Amino acid sequence: MKMRLWLRCISFVLLCCYGIQIGFAYKIPPVQLELKEEGFLVSIPHEDGITMAIYNIEINEQCPLLLDLITKPMNNRWTTKQVARKLQNNAKVKINLLIMHKEGIYSRTDSATLLNKNIILETIKEADKPMDPCIAAKPQLNADGVIKNSETKVFIDQKPSRRIFKPNELIFEELFKSPELPNWNRGNYLHSNAIGDRSEDFTAVRDDNSCMTVRGETLLITPVISKAGNKAFIELNNCKQPVCYENNNFTCAYVQQSKMPFAFPPPVNTSRIDTNGKFSFTYGRIEIYATLPYGDWLFPYMMLVPDNFNCTTRKQLRIAFATSVDIENNRIRGGPVILNGRPNNGKVYFVPTNHMATGMNFNANGYHNFTLVWTSTEIHMFADNKKYGCYINNDEYAEPYHIVLGVGAGGHFEFEDSRTKPWKNTLNGAFALFHRSFTGCCKNAIVKKECFQLKKKRTCSREWGSQAAMAVKYVRVYAV
Ligand SMILES: *[C@@H]1O[C@H](CO)[C@@H](O)[C@H](O)[C@H]1NC(C)=O
Ligand SMILES: *[C@@H]1O[C@H](CO)[C@@H](O)[C@H](O)[C@H]1NC(C)=O
Ligand SMILES: *[C@@H]1O[C@H](CO)[C@@H](O)[C@H](O)[C@H]1NC(C)=O
Ligand SMILES: *[C@@H]1O[C@H](CO)[C@@H](O)[C@H](O)[C@H]1NC(C)=O
């Protein structure tokens, strides 16, 4: 496919296409300009890894600028054909070239002057490393002033909405004015970790008001350390089996079993809400004004999850994420998370396959505007209007996603093992070690310490304070 776009007087436009990556080996060679009948050609040789070329050409510093976007090489070259542009003697042609390469976006600018049928080439600027796509702007393809329609798709009650949106149009708003939460479902289940599976965090998700309230136009999700010890019997009424538990003999009840001495009830009670089946969308800008929960081994769920769960590959778009360790190190994270299921003796557990983007010097105190911008080509993350990350989107997330809000604790992949961490990732006894780090001789600890109970050493976690609650003032989704 080849697209030619004639732009009015606007400066060179850049296309944000490839993620920040390391190990750059490619460098754009000088362009070649050839005169051809009533026009000219500009080209560079093809090399493995190049997926797209964008030429911006300016003749004699005059508008219009010639913009050509090429998605396929021809005769092993990336060539733009300017067939009706005859260059006069002394013509000066400025050529800016952007190359989308699997290692990143490369750019170079050359100048070519036609002097008595000779072409004199001069390099103006050549980058020897790919540029940061976060600072590259989008192509302004609608320079003619026509506002293009949005690419956002909305699904209400599982049906695609027929409305066509304009960019920036508000498509979803939750201001938490009523405790009924008609736009949301409340989760109510025990994670199968209780029987030794390692797919999820260390919580029981409850739909009553013990961990969740809506007041003062604010949603509050407050995790609590469960009082239930391993001899407890727990049964959740009306509990729904979450998807992707088919290998795990899902249970709504916890009963101590002699053949599973490692089994332990979920050490933390929490709540989780989602818009699945009520409101979903593909592409948009989601803005959440919220505090991050803070307390040992806590983390927020503020994410988008596909309506159609894939039980071997879980995809999430995290709008904001920070574990207690991140918060202590002034980090904020966000972006796509892809978890792959690893069958393990008939059970499945998940391992992350990528890293989220990380923003530094972030002070978690108080409310923040966490924003994720998701288009068919890019994903950008902002905290308080500051962009801290972006990704290329190669159609990997082209399906309806719904919103999930909650507070998680522990788990087998959100915290790296460390000396002060009471459990080790993937350990069968993780639930029990986590619970013991908050109870018994560790109860009411205000520093991380060790203590002995029945001659057994415990690593303690600090008691959670009022900051353990996640408070959300609003969620807004706009078309892009
Ligand atoms: C936590 O949830 C369990 C069921 O999972 C329940 O038995 C217990 O009473 C709840 N609350 C506390 C504070 O432990
Ligand atoms: C699930 O239950 C079946 C039948 O009780 C049993 O054979 C199987 O081992 C169980 N699977 C797991 C993962 O516990
Ligand atoms: C789940 O995802 C994997 C990897 O992307 C894919 O190969 C598989 O077909 C998907 N399964 C379903 C049921 O969509
Ligand atoms: C929140 O941040 C996004 C991204 O910077 C910005 O577009 C939006 O206007 C901000 N919202 C408010 C209410 O400030």
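Whatever order the structure lists them in is the order used to number ligands and atoms, beginning at 1. Fair warning: this is a prediction, and the values are worked out from it, not measured in the lab.
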| said: Looking only at distances, can you tell me whether any N or O atom of Asn385, backbone or side chain, sits closer than 3.5 Å to an N or O atom of ligand 4? | reply: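 For ligand 4, there is an N or O atom that lies under 3.5 Å from one belonging to Asn385.
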What I want to know is whether Tyr474 and ligand 4 share at least one N or O pair that is separated by under 3.5 angstrom.
no
Salt-bridge present ([X], [Y]; N to O < 4.0 Å):
{"X": "Lys278", "Y": "Glu174", "result": "no"}
{"X": "Lys424", "Y": "Asp417", "result": "no"}
{"X": "Glu328", "Y": "Arg462", "result": "yes"}
{"X": "Glu200", "Y": "Arg314", "result": "yes"}

Next on the checklist: Only heavy atoms of Thr313, strictly under 4.0 Å: list the atoms of ligand 3 that pass.
Outcome noted: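 Listed by number with element: 2 (O), 3 (C), 4 (C).
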Could you find the nearest protein heavy atom to [atom] and give me its residue, atom name and distance?
{"atom": "atom 5 (O) of ligand 1", "result": "Ile234 CG2, 3.4 Å"}
{"atom": "atom 11 (N) of ligand 1", "result": "Asn269 ND2, 2.8 Å"}
{"atom": "atom 12 (C) of ligand 4", "result": "Asn369 ND2, 3.4 Å"}
{"atom": "atom 7 (O) of ligand 4", "result": "Arg285 NE, 3.9 Å"}
{"atom": "atom 2 (O) of ligand 3", "result": "Asn310 ND2, 2.2 Å"}

Q: May I have the step-by-step check of side chain to side chain contact (heavy atoms under 4.5 Å, CB included) for Val337 and Phe413, ending in yes or no?
A: CA-CA 12 Å; Val337 171; Phe413 40 74; over 6 Å; no
Review point. Which bit of Thr371 gets closer than 4.0 Å to ligand 4, counting heavy atoms only: side chain, backbone, both or neither?
Key: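 Thr371 to ligand 4: side-chain contact only, backbone stays beyond 4.0 Å.
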| task | Pick one of side chain, backbone, both or neither for how Glu287 approaches ligand 4, counting any non-hydrogen atom pair under 4.0 Å. | result |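 Under 4.0 Å from ligand 4, Glu287 contributes side-chain atoms alone.
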| field | Expected output: side-chain Asn330 to main-chain Phe362 donor-acceptor under 3.5 Å | value |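 At least one qualifying donor-acceptor pair exists.
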Ranking Glu235, Arg206, Lys227 by closest non-hydrogen atom to atom 6 (C) of ligand 1, top hit is Arg206
Here's a test for you: under ring-ring contact (aromatic ring centres under 6.0 Å, His included), which of Tyr478, Phe165, Trp374 qualifies with Phe281?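 Result for ring-ring contact (aromatic ring centres under 6.0 Å, His included) with Phe281: Trp374.
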**Prompt:** Protein heavy atoms: any of them under 4.0 Å from atom 9 (O) of ligand 3?
**Reply:** no
*Strictly under 6.0 Å, is that where the ring centroids of Phe299 and Tyr301 end up?*
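Yes, the ring centres sit under 6.0 Å apart.
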